[in-house]
Structure formats: C-alpha cells, structure tokens
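I have placed the structure first, in the form of structure tokens, so that the comments after it can refer back to it.
Note that this is a predicted model, so its numbers are computed, not measured. Numbering of residues begins at 1 and proceeds along the displayed sequence.
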Amino acid sequence: MTDAPPIWRDGPVLAFMVAETLVWAAIFYSFPALVLHWQDEFGWSATAALGAFSLALGLQGLAAPWVGRAIDRGLAPWGFPLGTLGAIAGLAALTQVQTLWAFYLVWGWLGLMMGFTLYDACFSVVTRARGARARAAITAITLAAGFASTLAYPLTAFVTALAGWRASVWVLAGLVALLVLPMVAYAAHRLEGEAQARTPATTGPAPPRTRVSNRPGYWPIAGGFALTSLGVGIVLSNLMPLMAALDVPTPLAILAASTIGPAQVAGRVLLILAGARVAARAVVLGAFLMLAAASVLLGATAALPALALAFAIAQGVGNGVISILRPVVIREAMGEQGFGESAGAVARLSLFAFAVAPGLGAVLADLMGHGAVIALCVAAPLTGVLMLRRLAP
C-alpha cells in the first residue's frame, strides 16, 4: 500500500475540497441565507418555512444508509454525478415555486440529493479508497468546506440585491453545473479506482444479512453523535432568541454568532497540525465535553455578556472537529467492511436529531423557559460522552 500524495498534489481530494464547498453553499446554506426572502414574498410564517428544511434533513437521513450501501458496492462514480444533476434540477425547480406544498416538495427532493452529495457520501468514498489514511483527506475537505457559509451568505445577498432571490439560486445552480459536476465525477472515479486496487478483504461489501444495528459499536456511536447533534442543532437554530433572552447586547450577539464559523475552521486547523498523533476517540470525547462547556458559557452570559465570545469559540472548535472524526471513529470501531452503510446509518440518527432540534428548542423555550433549553444542550453532549465511552477499547 503506497502513501497518499500530499494534499496539494492529491487531485481527487483537491477536487472534493472545491466541490463540497460549493455544493454545501448551494443546497444547504442557501436555505438559511434566503429563507427570509421566501417568507417576505410568499407570506409564510417562520415555522412553515423552516419545516421544509427539517423535511430535507429527515429525508437526507433516510437516504444516507442506502447511499452508503451503494458506495460499498462501487457505485460512487455513478452516484455522485447523478446526485449532482439531481441537485441542479432541484435548484432550478426552486426558482419556479409559488406555493408552500411545492416548496416542501422541492426541499424534500434536495434533501435526498444532500444524501448523495454532502459529507457522509464523500467521506464514505474517501474511506473506501484510503482506509486508515483517509483522515488527512477528510480533514482537508472539511477545512475547505468550512467556508461554504462564508461563500453562500455574501454571494446570495449580493445577487439578490441586484436581481432577486431567484437569480441567486440560478447562480448557485450554475456553479454546481460548471464546477461541482465535473469535479465529483473525476474525484469519485479516481477514488473508486484506488478502492478497487486495494485488497478484496478491505474493500469488500459487508455481509449481506448483517443488520447495521447489530454491528459492534453501532449504538454507542450512533447514539452519542445523535445526542450531540441534537444539542448543536438546538443551539444554532435558537441562538439569537437565546442570547436575547439572556440580555446579551445585539451587536455582541451578532459578533459571537459570526465567530462560530471561523472557530470551527480553527479547530480543524489544530487537528491538521496534530496529525495522526492524537487518538480520534479521545479527541471526539473532548469535543463533546467542549460543546457541553460552551452551553454552560452561554447560560453564564446572563451574568457576564462578554462570555458570549468564549461560548462561540468553544462551540465552533468543538463542532469543527466532530465532522472530521466521526468517520474515523466509525471505521476504527465498526471496521471497513460495509463502511458506507455503517456511516450512513450513524448519520441517519444524527440528521433526524438535527432536523427536530429547531422545533424542540422552540417548544421547550415556550413551555419551560430558555434555562431548560440550555440545560438540555448541556446534558445532550454529556450523555453522548457516556455512550461513546461504552465502546470497547
């Protein structure tokens, strides 16, 4: 087995770095970037509009194990281009939406395409090709794609100001067609070639009758990451209302919210610098604890608003490394056989949790107050730590 080339000479990884950045901007971050424009034009409530995004995430979760199983069978060179074409079609359909039911239909479709094109599918094909050497490639891809929101928000704001939100969606669709489509076709083809060159024992599919839920380590991993996703989803979707309820000044709240993204990238840079010297499971446990500490800091802003910045840094760094190391922990604990299906099944629970998080946070705040919301966001990752510690050493 030869070593992977350095990232700057690794063609498939460089292609995925660009492609994942653009596709995340186009079919994930376009929703929060444009949702207010849809509400203004169509008169939909925030709850009605955001429900479409929850539907998209839920369907992405349903698709994830199936997509992973297809990747295990060597179908990534077909799946990535088809998923990208489907994303382009969905974005084109979005520009024609006039009714709420059509809006839900389009975002349901885009949610399925997320399953074919976003991190879980990408990391599955990289891990299938590189095995234990996949960590550096995954880190590089997430480092680049961490700037997807940095691209999506200003680009859509600029184009929308000039020509309306539909023009913004067309621009995103054009970027996906011109750049993402050829890059994912190239990267998936090359990486699947690498996978085929590896020994059959490391690239073969999982035993056909083995349920993912029966594989060693599945429930501690899936439950631990899902609980953490629930806490992250509640914090991020309810962040501004939480800070307002805690009397954090609006300019400071905006600064803190803007700090989470760069802190996430910083966490990934630190992981790159650490390299393979740090154990993936130990770092993930530390990240879970950091997310719990971030929620404690958020609650403490009621007494000291300046802690909002400390919260944002802890939230960003903790969340930044989790997306990198989840596939590494899955491979280490559950093995490489049937990795795509295993990773998809773990992702399914996390996506379901993330999908229900906004509504759960809002309902809990209405019924029990924002203190209860923060308490849940502390308890969720701490429970995730307890679950992940159940893994065999």
Same hydrophobic cluster for [X] and [Y], using side-chain heavy-atom links shorter than 4.5 Å among ILVMFWY?
X: Phe352; Y: Val356; value: yes
X: Val363; Y: Phe354; value: yes
X: Val169; Y: Leu179; value: yes
X: Val269; Y: Val317; value: no
X: Trp101; Y: Val106; value: no

Could you tell me whether a side-chain N or O of [X] sits under 3.5 Å from a main-chain N or O of [Y], the two making a donor and an acceptor?
X: Asn319; Y: Gln264; result: no
X: Thr21; Y: Ala144; result: yes
X: Thr160; Y: Ala157; result: no
X: Trp109; Y: Gly86; result: yes
X: Ser54; Y: Ala355; result: yes
X: Ser45; Y: Ala48; result: yes
X: Tyr119; Y: Ile324; result: no

Please step through side chain to side chain contact (heavy atoms under 4.5 Å, CB included) for the pair Leu271 and Leu143, ending with a clear verdict. CA-CA 10 Å; Leu271 199 58; Leu143 180 63; over 6 Å; no
So do [Y] and [X] actually touch side chain to side chain, heavy atoms under 4.5 Å?
X: Leu34; Y: Trp38; answer: yes
X: Leu376; Y: Leu360; answer: yes
X: Leu239; Y: Ile260; answer: yes
X: Phe42; Y: Leu100; answer: no
X: Arg130; Y: Leu191; answer: yes
X: Phe339; Y: Ile71; answer: no
X: Leu112; Y: Gln60; answer: no
X: Leu289; Y: Pro381; answer: no

Inter-residue atom distance [X].[atom1] - [Y].[atom2], 0.5 Å rounding:
X: Leu309; Y: Leu255; atom1: CG; atom2: CG; answer: 5.0 Å
X: Glu332; Y: Leu325; atom1: CD; atom2: CG; answer: 8.5 Å
X: Thr228; Y: Leu382; atom1: OG1; atom2: CG; answer: 9.0 Å
X: Met183; Y: Phe16; atom1: CE; atom2: CZ; answer: 11.5 Å
X: Arg69; Y: Ser124; atom1: CZ; atom2: OG; answer: 12.0 Å
X: Ser229; Y: Leu349; atom1: OG; atom2: CG; answer: 9.5 Å

Could you check whether the rings of Phe103 and Trp44 sit parallel, tilted or perpendicular, using 30° and 60° as the cut-offs?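 Because their plane-to-plane angle lies in the 30° to 60° range, the rings of Phe103 and Trp44 count as tilted.
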Can you classify the ring geometry of Trp24 versus Tyr29 as parallel (below 30°), tilted (30 to 60°) or perpendicular (above 60°)?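 Because their plane-to-plane angle lies in the 30° to 60° range, the rings of Trp24 and Tyr29 count as tilted.
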Scan for salt bridge (Lys or Arg N to Asp or Glu O under 4.0 Å) pairs involving residues 158-167, sequence neighbours excluded, and state none if there are none.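 Those involving residues 158-167 are Glu41-Arg166.
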Considering only residues two or more places apart or on different chains, which pairs with a residue in residues 57-68 satisfy salt bridge (Lys or Arg N to Asp or Glu O under 4.0 Å)?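 Output for this query is empty, none listed.
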Applying side chain to side chain donor-acceptor pair (under 3.5 Å), name anything that partners Ser342, two or more places apart in sequence or on another chain.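 Result, side chain to side chain donor-acceptor pair (under 3.5 Å) vs Ser342: Arg215.
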For a side chain to side chain contact (heavy atoms under 4.5 Å, CB included) check, start with the C-alpha distance between Leu291 and Val232, then their side-chain angles and the critical distance, and finish with the verdict. CA-CA 8 Å; Leu291 290 173; Val232 169; 3.8 Å; yes
Any chance NE2 of His189 has more than 12 other-residue heavy atoms, nucleotides or ligands included, within less than 6.0 Å?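 Counting neighbours around NE2 of His189, 12 or fewer heavy atoms of other residues, nucleotides or ligands fall under 6.0 Å, so no.
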Just wondering, more than 12 heavy atoms not from Phe158 lying within 6.0 Å of its CZ?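 Atom CZ in Phe158 is not crowded, with 12 or fewer foreign heavy atoms closer than 6.0 Å.
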Which heavy atom of [X] sits nearest to which heavy atom of [Y], and what is that distance?
X: Arg348; Y: Pro65; result: NH1-CG, 3.6 Å
X: Gly299; Y: Leu246; result: O-CD2, 4.1 Å
X: Val125; Y: Ala76; result: CG2-CB, 3.6 Å
X: Leu364; Y: Ala372; result: CD2-O, 3.6 Å
X: Ala25; Y: Leu151; result: CB-CD2, 4.0 Å
X: Ala15; Y: Tyr186; result: CB-CD2, 3.8 Å

Checking Trp107 against Leu94 for the side chain to side chain contact (heavy atoms under 4.5 Å, CB included) test, could you report, in this order, the C-alpha distance in whole Å, the side-chain angles of both residues, the deciding distance, and whether it holds? CA-CA 8 Å; Trp107 276 104; Leu94 183 59; 3.6 Å; yes
Salt bridge (Lys or Arg N to Asp or Glu O under 4.0 Å) against Arg326, all qualifying residues, sequence neighbours excluded: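 For Arg326, the residues satisfying salt bridge (Lys or Arg N to Asp or Glu O under 4.0 Å) (neighbours in sequence not counted) are Asp120.
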Residues in salt bridge (Lys or Arg N to Asp or Glu O under 4.0 Å) with Glu192, at least two apart?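 Here the qualifying residues are Arg128.
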Verdict with reasoning, Phe225 to Phe288, per ring pair (Phe, Tyr, Trp, His ring centres under 6.0 Å): CA-CA 9 Å; Phe225 280 104; Phe288 284 11; 5.4 Å; yes
For residues 171-178, which side-chain donor-acceptor pairs fall under 3.5 Å, sequence neighbours excluded?
none

Can Ser323 and Thr142 be said to form a side-chain hydrogen bond (donor to acceptor under 3.5 Å, both in side chains), step by step? CA-CA 8 Å; Ser323 56; Thr142 55; 5.1 Å; no
Does Tyr104 form a side chain to side chain contact (heavy atoms under 4.5 Å, CB included) with Phe53? I'd like the steps, not just the answer. CA-CA 8 Å; Tyr104 272 66; Phe53 200 47; over 6 Å; no
